[in-house]
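Just so it is clear, the structure is predicted and the values come from calculations on it, not from any experiment.
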Amino acid sequence: QVQLVESGGGSVQAGGSLRLSCAASVHGLTILYWGWFRQAPGKEREGIAAIYTSTGGVFYADSVKGRFTFTQDNAKNTLHLEMNNLQTNDTAIYYCAAAARRNAYNVLSPDKYRYWGQGTQVTVSS
């Protein structure tokens, strides 16, 4: 019903930029929320940005606010995460996710999302 494929990860020096993309294929469902998450080694998965599709409202974690921008290209069914001024602590596997049902979880909680991509590695070196 929902397939998500991330791309655009790679290695960059601190202060650099990357643009992640997530190609979405959705059949028979209406997506309520799109999200970007990341997971660093030994750490829990962290929600960093989300879009509420009904209003277009975008939410960011404090850790990325002002540096990352989440956009949605409806014509191409693609999500983008523009990441600027990357720091070493941004190193992680980055995932896009989709939620098609309402629940009580926070918009940046991984528990809110049922559908996940396979992830793309982002490595930031000093």
Side-chain angles (χ1 to χ4, degrees):
Q1 292 174 315
V2 180
Q3 290 186 321
L4 304 170
V5 180
E6 301 95 337
S7 61
S11 297
V12 65
Q13 288 192 324
S17 299
L18 282 174
R19 188 192 196 206
L20 304 184
S21 297
C22 175
S25 175
V26 181
H27 300 283
L29 292 174
T30 299
I31 301 301
L32 299 179
Y33 296 90
W34 298 103
W36 280 101
F37 293 78
R38 66 186 181 186
Q39 189 164 19
K43 295 189 176 181
E44 293 186 352
R45 191 164 295 189
E46 172 193 18
I48 56 175
I51 284 178
Y52 180 38
T53 60
S54 293
T55 64
V58 185
F59 306 86
Y60 295 99
D62 288 342
S63 58
V64 306
K65 197 174 295 183
R67 301 188 298 125
F68 290 13
T69 303
F70 186 2
T71 57
Q72 180 180 3
D73 184 338
N74 289 320
K76 297 181 179 180
N77 291 329
T78 303
L79 312 171
H80 298 289
L81 185 69
E82 186 75 34
M83 306 186 297
N84 296 315
N85 191 22
L86 285 161
Q87 303 300 314
T88 55
N89 58 4
D90 292 317
T91 294
I93 299 175
Y94 283 70
Y95 301 89
C96 62
R101 290 188 177 184
R102 298 187 187 281
N103 56 53
Y105 293 104
N106 183 278
V107 68
L108 293 179
S109 168
D111 292 325
K112 192 170 191 67
Y113 297 81
R114 178 175 180 180
Y115 305 100
W116 294 84
Q118 83 289 349
T120 186
Q121 176 71 47
V122 171
T123 303
V124 184
S125 58
S126 58

Under a 4.5 Å side-chain heavy-atom rule over Ile, Leu, Val, Met, Phe, Trp and Tyr, are [X] and [Y] clustered together?
X     : Y      : answer
Ile51 : Val107 : no
Met83 : Phe37  : no
Leu79 : Leu20  : yes

Taking the side chain as every heavy atom from C-beta outward, state whether [X] and [Y] have any atom pair closer than 4.5 Å.
X      : Y     : answer
Gln72  : Val58 : no
Tyr115 : Leu29 : yes
Leu108 : Glu46 : no
Leu4   : Tyr95 : no
Val64  : Arg38 : yes
Pro110 : Gln39 : no

- Task: Output yes when a side-chain donor or acceptor of Thr88 lies under 3.5 Å from a complementary backbone atom of Ser126, and no otherwise.
- Result: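 A pair under 3.5 Å: no.
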- Message: Is it the case that the side chain of Thr53 and the backbone of Leu32 share a donor-acceptor pair, with hydrogens and angles ignored and the cut-off at 3.5 Å?
- Response: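 Yes; at least one donor-acceptor contact below 3.5 Å.
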- Provide the full list of salt bridge (Lys or Arg N to Asp or Glu O under 4.0 Å) pairs with a residue in residues 7-29, sequence neighbours left out, each pair given once.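 For residues 7-29, and leaving out neighbouring residues, the salt bridge (Lys or Arg N to Asp or Glu O under 4.0 Å) pairs sorted by first residue read Arg19-Glu82.
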For the residue pair [X] and [Y], what are the closest heavy atoms and their distance?
X      : Y     : result
Gly47  : Ala61 : O-CB, 3.4 Å
Ala92  : Ala40 : CB-N, 3.8 Å
Tyr113 : Gly35 : CE2-N, 3.7 Å

- Task: Would you please name every residue forming a salt bridge (charged side-chain N to carboxylate O under 4.0 Å, His left out) with Arg114, sequence neighbours left out?
- Result: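 Per chain and number, Arg114 pairs via salt bridge (charged side-chain N to carboxylate O under 4.0 Å, His left out) with no residue.
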- Is it true that atom CD of Gln3 has more than 12 heavy atoms of other residues, nucleotides or ligands lying nearer than 6.0 Å?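 Counting neighbours around CD of Gln3, 12 or fewer heavy atoms of other residues, nucleotides or ligands fall under 6.0 Å, so no.
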- Query: Say you draw a straight line from CG of Asp111 to OH of Tyr105; how long is it, rounded to the nearest 0.5 Å?
  - Reply: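 Answer for the CG-OH pair, Asp111 versus Tyr105, is 4.5 Å.
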- Query: Rounded to the nearest 0.5 Å, what separation is found between the SG atom of Cys22 and the CG atom of Asp73?
  - Reply: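 Going from SG on Cys22 over to CG on Asp73, the span is 12.5 Å.
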- Return the set of residues passing side-chain hydrogen bond (donor to acceptor under 3.5 Å, both in side chains) with Asn103 (not counting sequence neighbours), or none when no residue passes.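 Asn103 satisfies side-chain hydrogen bond (donor to acceptor under 3.5 Å, both in side chains) with Lys112 once adjacent residues are dropped.
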- Message: Here's a test for you: under side chain to side chain donor-acceptor pair (under 3.5 Å), which of Asn84, Asn85, Asp90 qualifies with Arg67?
- Response: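 Output: one option passes, namely Asp90.
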- Query: Of Ile93, Leu81, Thr120, which meets side chain to side chain contact (heavy atoms under 4.5 Å, CB included) against Glu6?
  - Reply: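 Of the listed options, the one satisfying the test is Thr120.
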- Message: Is it the case that the ring center of Trp36 lies less than 6.0 angstrom away from the ring center of Phe68?
- Response: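 Centroid distance Phe68-Trp36: not below 6.0 Å, so no.
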- Among Tyr52, Phe70, Phe59, find the residue that satisfies the ring pair (Phe, Tyr, Trp, His ring centres under 6.0 Å) test when tested with Tyr33.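 Going through Tyr52, Phe70, Phe59 one by one, the ring pair (Phe, Tyr, Trp, His ring centres under 6.0 Å) with Tyr33 is satisfied by Tyr52 alone.
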